[in-house]
Amino acid sequence: MVMSAPVEQPSPPASKSHRRRWIAVLAAVVVVVAGVLTAVLLRSGPGEREASPGSPPGTTESTPAPVVPVPSSPPAPPPSSSRSLPVPGFGFPPLWPFTGTADALAWQQSYRSGGHQPWHLDAGSTAQSFTQGYLGYQNVDLVTETTVHGREAWVGVGYRNPSGTPSTAGVIHLAKLGSGTDAPWEVVGTRDTLLTLTQPRYGAMVASPVTVGGRVTGVDENLVTQIRESRLGLVGQAPGVPAGGQNTPWSVRVSFRAPVGSVLTIAVATGGHVTDVERFAVTAVVAG
């Protein structure tokens, strides 16, 4: 008896109800996605832009505010000073030997090219030349001390008393005038002790006649006052006035003739006990 192999029956096709379920699921997904896109579009307004690729997450790129220029304030006025400064930037009225920076520069050029007048670079030599050659105090022929601080110097000048000991008659104040390592020394005044010259004030503008005064300590002094201009020389002088005591005031009226704006040297000296000039003091003023 021959037995036949069983025949495999094909799977029945999916039912229509099963396909409908899948279609419903897909439709629901489409609706959800559409709703999310709509919400995103509605929240984006014209005032916002997408963040640039370099911006941190969650931030948006904004337009920087325009920079409004702030007007600069006018420069503050320079501080007031009781001194007249004929040479801007120098800080002192120039007494001698130069009248200003242009004059000093002319000497620098001649010194660099030919080595002329090297004594301008030595504070002691300049102080001695001022005392003997300009003021005419011939017996004050000795440098007794020198102190230099940067661009300023104080040089004591004097004489030897009968015992041979150096005695200081005055301390000359000098300052470097101009620029460069070869800027020359300029006399600008004195540092005073026993004999002072405080009137008129340092750097003041004065007219003729001018009252000159200060204080003196000494016995039987005879104060001689002179006024000089570096180019004209002696422009005013008063005869000696007796003075003496302990820190005693003294004063004298002196007439002079000098161009307006010129720097003047007022010098007062006393002596006669040991030598002609034993003490002196100097101040600087401007003819007005």
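Side-chain atoms are counted along with the backbone in the values below, which use heavy atoms only and exclude waters and symmetry mates.
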Which residues pass the ring-ring contact (aromatic ring centres under 6.0 Å, His included) test with Tyr134, sequence neighbours left out?
Trp96, Phe130
Residues which pass ring-ring contact (aromatic ring centres under 6.0 Å, His included) with Tyr137, listed by chain and number, not counting sequence neighbours
Phe280
Please list all pairs meeting ring pair (Phe, Tyr, Trp, His ring centres under 6.0 Å) that have one or both residues in residues 208-236, counting only residues at least two apart or in different chains.
none
Mind checking side chain to side chain contact (heavy atoms under 4.5 Å, CB included) for Asp192 and listing every partner two or more places apart, or none if nothing turns up?
Thr190, Thr196, Ala281
For the CD atom of Gln117 and the OG atom of Ser125, what is their distance to the nearest 0.5 Å?
12.0 Å
Does any part of the side chain of Val206, heavy atoms only, come nearer than 4.5 Å to the side chain of Val286, both counted from C-beta?
no
Would you say Lys176's side chain and Ala183's backbone share a donor-acceptor pair under 3.5 angstrom?
yes
Please tell me whether Thr275 and Asn139 have a donor and an acceptor in their side chains that are separated by less than 3.5 angstrom.
yes
When the side chains of residues 141-148 are checked against the rest of the protein, which donor-acceptor pairs come out under 3.5 Å, sequence neighbours left out?
unit_1: Thr144; atom_1: OG1; unit_2: Gly156; atom_2: O; d: 3.2
unit_1: Thr144; atom_1: OG1; unit_2: Thr168; atom_2: OG1; d: 2.7

Return yes if some donor-acceptor pair links the side-chain N/O of Thr126 with the main-chain N/O of Trp119 below 3.5 Å, else return no.
yes
Do Val187 and Leu121 share a hydrophobic cluster (ILVMFWY, side-chain heavy atoms under 4.5 Å, transitive)?
no
Please name all residues satisfying side chain to side chain contact (heavy atoms under 4.5 Å, CB included) with Pro118, sequence neighbours left out, ordered by chain then number.
Tyr111
If you compare all heavy atoms of Ala175 against all heavy atoms of Val188, which two are closest, and at what distance to 0.1 Å?
CB-CG1, 4.3 Å
Any donor-acceptor pair under 3.5 Å linking the side chain of Thr225 with the backbone of Val268?
no
Which atom pair, heavy atoms only, marks the closest approach of Ala269 to Val277?
CB-CG1, 4.0 Å
Residues forming a side-chain hydrogen bond (donor to acceptor under 3.5 Å, both in side chains) with Arg160, sequence neighbours excluded:
none
Which atoms form the tightest heavy-atom contact between Pro97 and His120, and what is the distance?
CG-CE1, 3.5 Å
Show which side-chain atoms of residues 251-267 pair as donor or acceptor with protein atoms under 3.5 Å away, not counting sequence neighbours.
unit_1: Arg253; atom_1: NH1; unit_2: Thr211; atom_2: OG1; d: 3.0
unit_1: Ser262; atom_1: OG; unit_2: Pro259; atom_2: O; d: 2.6

Nearest 0.5 Å, please: how far is CG in Leu135 from CD in Gln226?
5.5 Å
Pairs touching residues 109-122 that satisfy salt bridge (charged side-chain N to carboxylate O under 4.0 Å, His left out), sequence neighbours left out:
Arg112-Asp182
Could you check whether any side-chain heavy atom of Val282 comes within less than 4.5 Å of a side-chain heavy atom of Leu197, counting everything from C-beta outward?
no
Is the backbone of Asn247 close enough, under 3.5 Å, to the side chain of Arg215 for a donor and an acceptor to pair up by distance?
yes
Interatomic distance, Asp103 atom CG to Glu186 atom CD [nearest 0.5 angstrom]:
8.0 Å
Let me confirm one number: the CG-NE2 distance from Asn161 to His273, rounded to the nearest 0.5 Å.
14.0 Å
Is Val210 linked to Leu232 within one hydrophobic cluster, defined over Ile, Leu, Val, Met, Phe, Trp and Tyr using a side-chain heavy-atom separation of less than 4.5 Å?
yes
Going from OG1 on Thr283 to CZ on Arg201, what distance comes out if it is rounded to the nearest 0.5 angstrom?
10.5 Å
Looking at Ser113 and Gln109, would you say the former's side chain and the latter's main chain have a donor-acceptor pair under 3.5 Å?
yes
So CG of Leu194 and OG1 of Thr217: to nearest 0.5 Å the spacing works out to 5.5 Å
Under a 4.0 Å threshold between the charged nitrogen and the carboxylate oxygen, would Arg279 count as salt-bridged to Glu221?
yes
Grouping ILVMFWY residues whenever side-chain heavy atoms fall under 4.5 Å, the cluster of Tyr159 otherwise contains Val274
Which residue pairs pass the salt bridge (charged side-chain N to carboxylate O under 4.0 Å, His left out) test when at least one of the two sits in residues 237-251, sequence neighbours left out?
none
Can you find a pair of side-chain heavy atoms, one from Tyr202 and one from Val285, that are under 4.5 Å apart?
no
Is there a side-chain contact between Thr99 and Pro94 (heavy atoms, below 4.5 Å)?
no
Shortest non-hydrogen separation from Leu95 to Ala284 and the atoms involved:
CD2-CB, 3.4 Å
In short, ring pair (Phe, Tyr, Trp, His ring centres under 6.0 Å) pairs touching residues 167-201 with sequence neighbours left out are Phe92-His173, Trp154-His173
Non-hydrogen atoms of Val216 and Ala243 that approach each other most closely
CG1-CB, 3.9 Å
Can you find a heavy atom in the side chain of Gln237 that is under 4.5 Å from one in the side chain of Val224?
yes
With clusters defined by side-chain heavy atoms of hydrophobic residues (ILVMFWY) lying less than 4.5 Å apart, directly or transitively, does Phe98 cluster with Leu174?
no
